[in-house]
A.B. asks: 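So that we are looking at the same thing, I have put the structure below in structure tokens.
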Amino acid sequence: MPEDTSAAFTDSLADAVGTPGDRPIAKRLDMIERVLFALARAQGIDPDAL
């Protein structure tokens with residue numbers, strides 16, 4: 001793996017895991033789910049029916 005690609009891969013892993021003090025991944029995913037559900041409802045889609 002080239003050095004630039006390796007550095008980008010490491011950075012993306014660090015972003016995915018987060019840093020100490022960040023919200024846990026479960027809380028982040030919950031927030032994303034809430035936003036997506038709100039967007040779906042705003043467009044007249046019932047996400048619970050999918």
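On a predicted model such as this, the values are computed, not experimentally measured, just so you know. Note that these values count all heavy atoms, side chains included, but never hydrogens, waters or copies made by symmetry.
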A.B. asks: So, using side-chain contact (heavy atoms from CB on, under 4.5 Å) as the criterion, who are the partners of A38 when residues are at least two apart?
C.D. replies: none
A.B. asks: Roughly how far apart are L36 CG and I45 CD1, rounded to 0.5 Å?
C.D. replies: 11.0 Å
A.B. asks: Name all residues meeting the salt bridge (Lys or Arg N to Asp or Glu O under 4.0 Å) criterion together with D48; count only those two or more places apart in sequence or in a different chain, and write none if there are none.
C.D. replies: R41
